[in-house]
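Here's the structure, in structure tokens; my notes come after.
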Protein chains: 2
Amino acid sequence: MVSDRSIGPDETNPGLVSAAIQAITQHIRVEGLGPGDLLPSEADMTRKLSVSRTVVREAFRSLSAMRLIDMSAGRRASVAKLDIGAMSMVIEHGVTTEQISIQQVYDVRRTIEMRTVALAALRRTDAEAADVQKCAQLMRENYRAPEIVMEHDIAFHEAIARASHNPVFSLIINAFSGVTRRTWVIGWRTRATEEEQIKMIEGHADIARAIIAGNPQLAAEHMAAHFDKSVKALIDAGIA
Amino acid sequence: MVSDRSIGPDETNPGLVSAAIQAITQHIRVEGLGPGDLLPSEADMTRKLSVSRTVVREAFRSLSAMRLIDMSAGRRASVAKLDIGAMSMVIEHGVTTEQISIQQVYDVRRTIEMRTVALAALRRTDAEAADVQKCAQLMRENYRAPEIVMEHDIAFHEAIARASHNPVFSLIINAFSGVTRRTWVIGWRTRATEEEQIKMIEGHADIARAIIAGNPQLAAEHMAAHFDKSVKALIDAGIA
DNA sequence: TGCCCAAAACCTGTATGACATGTTTTCTTG
DNA sequence: CAAGAAAACATGTCATACAGGTTTTGGGCA
């Protein structure tokens, strides 16, 4: 069981700090605050909750760590724009503590990205289509520099997620990019010959073309093929 | 863009606290710690990093808020088991600040759960199949009490995610359960007649049967139909 | 020796006060 | 009225203190 008696996001967890966190998130909800809106100062919260500044600070800091709020010296905290924040840390934590395998991550990515690419083919603007294509193009141009190819590869998938016009997909895919960075090179090295590496890059171009053509079916098929090859490469490299 | 210049999970963010957070996660990685393993005490960290206890505490507290570590009075912090933690808060934050719509959440859920249900049909143990069926059964037995039906509904989807044997799917689906709780009743009320409500519950039974039968194709189809009906219900209720 | 229990040592939770530094507001002055 | 200095306000970090929980230690008893 992943969440044995999960106490949920607004938990009643003993401790003043948890109560303070709850009070702050509730404040955001009740006041209907949106990204950029200012929160009460620490001193205000201290008075309102009748707890020490220590407690209020730890609460603010916690929300900041999850990127639910933005903090910076001298100015009050503000509601944050949607951001990977905590999500990527949760995923990375799961992988580094061996509670999640790379293969499992790839299965999830495959599932999600087959959908995002189909949505992208349907809903992309021309500018978004151009972004996607540009990433594929940059991969091709830099195919001798793995690190650079990797960054454009990641950017490619993020661009597709954006073109899907569903920020939740972007959120999740971005959350995986940290893990991807740690395994990408392994998959690349497994593609021994230059020919195979070029074929992999061309797979991205195929996906881009399908998006530009507005063909969701074809786009999803290319994406699936891409992931199948990637997973195979990782398995060949001995990654369980 | 969801992550404009995201500084990643191990960011170099000005501030001693961020550095401390990084030091702690790095400690986990370097020492190869797993769930339950103990971390250094705050005093140790204070010495090791040459910063005040305040800073170290805020770092620990931040990781605790993300549920990457467990803290409790008197004992040292320990590495946490995989948990929704921050993820559900990020999602809820996105919804309450209107950066994410309910419909977008449902699209993601549909995408993911069509996959989990197929995997569950393939990989379920008998015990897991029984769990799923039991949830469907409990929904039927309590169909006059919406709140109870809802809890079993959520449990139903979580049970399927577990049966998929991929904790990442469980993680994501669980992250959505908070939002689901806030919208479920709306969808239920839209199903005006008792007959329709029963039909909705029977949809779950169909899914359960397909899982028990080990038929991934059929299971996915039933799941898709279930989500299509749910989304329709929400749209009828005027939820954008 | 082996076990149990009390004291000590250790650890986290919270409060208070202080000061540095960054930001916003206010007021003065040209 | 505008520009700039000063004040007010905010967060970042540190030091210290003490309450209460947990683990370790060590002594005494069977």
Side-chain angles (χ1 to χ4, degrees), chain A residues 7 10-25 27-28 31 33 35-81 83 85, chain B residues 7 10-25 27-28 31 33 35-81 83 85:
Chain A
I7 22 186
D10 305 55
E11 64 261 33
T12 311
N13 205 2
L16 303 183
V17 175
S18 295
I21 290 177
Q22 197 176 337
I24 297 168
T25 58
H27 176 89
I28 294 175
E31 299 290 320
L33 301 187
D37 291 343
L38 293 181
L39 293 165
S41 71
E42 293 174 1
D44 283 348
M45 272 295 173
T46 293
R47 279 186 291 272
K48 201 175 309 185
L49 302 180
S50 303
V51 294
S52 71
R53 191 183 155 209
T54 307
V55 169
V56 171
R57 250 195 92 69
E58 289 187 9
F60 271 103
R61 186 63 89 169
S62 294
L63 292 170
S64 167
M66 291 186 273
R67 310 273 186 96
L68 302 191
I69 67 176
D70 290 323
M71 293 176 79
S72 70
R75 52 172 56 129
R76 275 151 60 198
S78 63
V79 176
K81 253 177 40 186
D83 185 282
Chain B
I7 23 188
D10 305 52
E11 64 262 29
T12 309
N13 207 2
L16 303 183
V17 176
S18 295
I21 291 177
Q22 197 175 339
I24 296 168
T25 58
H27 176 90
I28 294 175
E31 298 290 319
L33 301 187
D37 291 342
L38 293 181
L39 293 165
S41 72
E42 294 175 0
D44 282 349
M45 271 297 175
T46 292
R47 278 185 291 275
K48 201 175 309 187
L49 303 180
S50 302
V51 294
S52 72
R53 194 185 154 207
T54 305
V55 169
V56 171
R57 250 195 91 68
E58 289 187 9
F60 272 103
R61 185 65 85 171
S62 294
L63 292 171
S64 168
M66 291 187 272
R67 310 276 186 94
L68 302 190
I69 66 176
D70 290 323
M71 293 176 81
S72 71
R75 53 171 56 129
R76 275 152 60 198
S78 63
V79 176
K81 253 179 38 187
D83 184 281

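Below, chain A is the first sequence line, B the second, and so on; all start at residue 1.
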Output a table of nitrogen or oxygen pairs between the protein and nucleotides 14-23 of chain D separated by less than 3.5 Å.
{"from": "dC14(D)", "atom 1": "OP2", "to": "Ser52(B)", "atom 2": "N", "distance (Å)": "2.8"}
{"from": "dC14(D)", "atom 1": "OP2", "to": "Ser52(B)", "atom 2": "OG", "distance (Å)": "2.8"}
{"from": "dT23(D)", "atom 1": "OP1", "to": "Arg75(B)", "atom 2": "NH2", "distance (Å)": "3.3"}

Exercise for the section: Round to a whole Å and report the spacing from CD of Glu58(A) to C1' of dT13(D). Expected result: 14 Å
Completion exercise
Heavy-atom nearest pair, Thr46(A) first then Val51(A), reads CG2-O, 3.0 Å
Practice task
Indicate the atoms forming the closest heavy-atom contact of Ala77(A) with Ile69(A), along with that distance.
Solution key: CB-CD1, 4.1 Å
Handout entry: With sequence neighbours excluded, residues passing salt bridge (Lys or Arg N to Asp or Glu O under 4.0 Å) with Asp44(A)
Key = Arg47(A)
Practice task
Apply salt bridge (Lys or Arg N to Asp or Glu O under 4.0 Å) to Arg53(B) and list each qualifying residue two or more places apart in sequence or on a separate chain.
Solution key: Glu42(B)
Handout entry: Contacts of Ala80(A) that satisfy side-chain contact (heavy atoms from CB on, under 4.5 Å) - sequence neighbours left out
Key = Asp70(A)
Completion exercise
chain A vs DNA chain C, heavy-atom contacts under 4.0 Å, first-to-last nucleotide span, 5' to 3', is dT14(C) to dT24(C)
Handout entry: Listed partners of Ala20(A) passing side-chain contact (heavy atoms from CB on, under 4.5 Å), at least two apart
Key = Leu49(A), Val55(A), Ala59(A)
Practice task
For residues Phe60(A) and Met71(A), report the shortest heavy-atom separation together with the two atoms involved.
Solution key: O-SD, 3.7 Å
Handout entry: Whole-Å distance separating the CZ atom of Arg57(A) from the P atom of dT11(D)
Key = 8 Å
Problem - From Leu63(B) atom CG to Leu39(B) atom CG, the distance as rounded to the nearest 0.5 Å - result: 8.5 Å
